Amino acid sequence: MLHKVIIIGVIFQLASANLQSRARQNFNCDDIVNNQIAKEFEASQIYLSLANYFGHDRVALDGFAKMFKHSWKEELEHAQKLIEYGLLRGSKVDTPSVPKPDDSIWLDKNACQIVEYVLNLEKSVNSHLLKVHKCGESDPQLQDFIEGEYLKEQVEANKELSDLLSRLERTTMHLRSDGSKTALCDGLGLHIIDQELSKKFA
């Protein structure tokens, strides 16, 4: 019996040894890179949920649907790049468990609130990317990869969403009877912004 246990132990050790990358050098950020891959997939699921919501015939905002469909594909590409990079560096890439978004939460939000939600999502993704970058303090190649492939694009996305939110608020501004102003995030102003987005993401 002991002889069998020893043989099984040796087999497992050999199997583990076979999974050790020969290409791996100076890479110690497996967990945080895997977490970033999961975050990119999670963000892509949220964008797919939003694309479906805005594309529904009772919402019918085709421009927003196209924008979020574009973002869905973009986040999938981000995840794929990280997977390929992890494999390049000899990392053990985990297959992430991606939670299903709650599609019903959009029903209680107007367009401005949804754009603000997405802006906060992008900031969260960016914050974690900065953690990946920090993990690579002793790995210049990892930092170069994150800087070249992600950081500039994330900053631009944050600015683009911030601009979109400001334009939405401005074009849907309503003057109340007491003289105060409020953004309704609906009506003709929303339609105009949606048409702009439809052309941009055609």
Side-chain angles (χ1 to χ4, degrees), residues 32-88 91 93-133 145-169 171 185-186 190-202:
I32 200 164
V33 168
N34 277 315
N35 287 341
Q36 186 65 39
I37 291 168
K39 280 189 172 292
E40 299 289 351
F41 274 120
E42 186 176 352
S44 76
Q45 287 286 86
I46 291 171
Y47 282 130
L48 178 59
S49 173
L50 283 166
N52 293 337
Y53 169 73
F54 281 105
H56 194 278
D57 59 55
R58 295 301 297 270
V59 181
L61 289 168
D62 185 59
F64 281 88
K66 287 179 179 177
M67 178 181 73
F68 289 126
K69 186 176 181 181
H70 172 83
S71 298
W72 164 56
K73 293 178 179 178
E74 197 171 61
E75 296 301 328
L76 288 177
E77 289 173 4
H78 289 172
Q80 184 61 38
K81 279 183 184 178
L82 280 166
I83 290 169
E84 290 173 358
Y85 181 79
L87 294 174
L88 177 70
S91 175
V93 177
D94 295 332
T95 303
S97 175
V98 184
K100 179 186 179 301
D102 181 4
D103 299 326
S104 66
I105 65 172
W106 317 126
L107 299 172
D108 297 324
K109 297 181 185 295
N110 61 37
C112 292
Q113 291 168 330
I114 288 175
V115 172
E116 187 170 11
Y117 178 98
V118 169
L119 175 58
N120 289 329
L121 172 66
E122 287 293 339
K123 286 181 177 179
S124 174
V125 171
N126 190 43
S127 292
H128 198 271
L129 274 169
L130 294 175
K131 292 178 182 177
V132 179
H133 186 270
F145 171 74
I146 295 298
E147 290 169 9
E149 297 290 340
Y150 293 93
L151 296 187
K152 183 175 184 291
E153 187 175 321
Q154 283 295 144
V155 170
E156 290 173 346
N158 289 353
K159 176 63 163 62
E160 187 175 338
L161 287 166
S162 297
D163 287 351
L164 175 59
L165 181 56
S166 294
R167 288 190 292 116
L168 267 172
E169 291 173 339
T171 57
C185 296
D186 204 348
L190 177 59
H191 174 72
I192 291 170
I193 296 294
D194 184 65
Q195 291 298 299
E196 291 177 1
L197 292 175
S198 187
K199 292 176 182 177
K200 180 177 181 179
F201 293 99

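Note that these values count all heavy atoms, side chains included, but never hydrogens, waters or copies made by symmetry. Numbers here are sequence positions counted from 1. Note that the structure is predicted; figures quoted are calculated from it, not measured.
- At a threshold of 4.5 Å between non-hydrogen side-chain atoms, the residues Leu88 and Glu84 do not count as touching.
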Note to self: Would Ile83 and Phe41 count as a side chain to side chain contact (heavy atoms under 4.5 Å, CB included) here? Give the steps.
What the structure shows: CA-CA 11 Å; Ile83 290 169; Phe41 274 120; 4.0 Å; yes
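- Ring-plane geometry between Tyr85 and Phe145 is classed as parallel, the angle between the planes falling under 30 degrees on a 0 to 90 degree scale with a further cut at 60.
- Between the CG atom of Leu61 and the CD1 atom of Ile193 there is a distance of 11.5 Å, given to the nearest 0.5 Å.
- Using a 4.5 Å heavy-atom cutoff, the side chains of Leu190 and Thr171 are not in contact.
- Between Asn110 and Asp186 there is no side-chain heavy-atom pair separated by less than 4.5 Å.
- Taking NZ from Lys152 and CD from Glu147, the interatomic distance works out to 13.0 Å, rounded to the nearest 0.5 Å.
- Here the shortest heavy-atom pairing between Tyr150 and Leu129 reads CB-CD1, 3.7 Å.
- With contacts defined as side-chain heavy-atom distances shorter than 4.5 Å, the pair Leu121/Ile46 qualifies.
- Pairing each heavy atom of Asp194 with each of Gly63, the nearest pair is OD1-N, 2.8 Å.
- Here the CD atom belonging to Gln80 is positioned 11.5 Å from the OG atom belonging to Ser44, to the nearest 0.5 angstrom.
- Residues Val132 and His128 are in side-chain contact: their nearest non-hydrogen atoms beyond the backbone lie under 4.5 Å apart.
- Side-chain contact between Val115 and Phe64 is present, with heavy atoms from C-beta onward closer than 4.5 Å.
- Not a single donor-acceptor pair under 3.5 Å links the side chain of Ser124 to the backbone N or O of Asn120.
- The two atoms that bring Ala43 and Val125 nearest to each other are CB-CG2, 4.4 Å, heavy atoms only.
- One finds the CD atom of Glu74 at 11.5 Å from the CE atom of Met67 (value rounded to the nearest 0.5 Å).
- Taking all atoms of both residues into account, the shortest heavy-atom contact from Ala79 to Ile37 is CB-O, 4.2 Å.
- No side-chain heavy atom of Pro99 sits under 4.5 Å from any side-chain heavy atom of Gln45.
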Margin query: For Lys81 and Glu77: C-alpha separation, side-chain torsions, deciding distance, then whether salt bridge (charged side-chain N to carboxylate O under 4.0 Å, His left out) applies.
Written below: CA-CA 6 Å; Lys81 279 183 184 178; Glu77 289 173 4; over 6 Å; no
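- Side-chain contact between Ile114 and Phe68: present, with at least one pair of heavy atoms (C-beta onward) separated by less than 4.5 Å.
- Using modelled atom types, no side-chain atom of Ser91 and backbone atom of Leu87 make a donor-acceptor pair closer than 3.5 Å.
- Proximity of the aromatic rings of Phe54 and Trp106 is defined here by a centroid distance below 6.0 angstrom, and this criterion is not met.
- Of the N and O atoms on the side chains of His78 and Gln36, not one donor lies less than 3.5 Å from an acceptor on the other residue.
- Considering NZ of Lys123 and CG of Leu130, their distance stands at 13.0 Å, rounded to 0.5 Å.
- Atoms SG and CD, from Cys112 and Glu116 in turn, are 8.5 Å apart once rounded to the nearest 0.5 Å.
- Although no hydrogens or angles enter the test, the distance criterion places a donor-acceptor pair under 3.5 Å between the side chain of Asn34 and the main chain of Asp94.
- Counting only residues at least two apart or on different chains, the salt bridge (Lys or Arg N to Asp or Glu O under 4.0 Å) pairs with a member in residues 47-73 are Asp62-Lys66.
- Between Glu153 and Glu149, the closest heavy-atom pair is OE1-O, 3.9 Å.
- Between Glu196 and Arg167, at least one side-chain nitrogen of the basic residue sits less than 4.0 Å from a carboxylate oxygen of the acidic one, meeting the salt-bridge criterion.
- Between Glu160 and Lys200 there is a salt bridge, with a side-chain nitrogen of the basic residue lying less than 4.0 Å from a carboxylate oxygen of the acidic one.
- Under the 4.0 Å criterion applied to side-chain N and carboxylate O atoms, Asp163 and Lys159 are assigned as salt-bridge partners.
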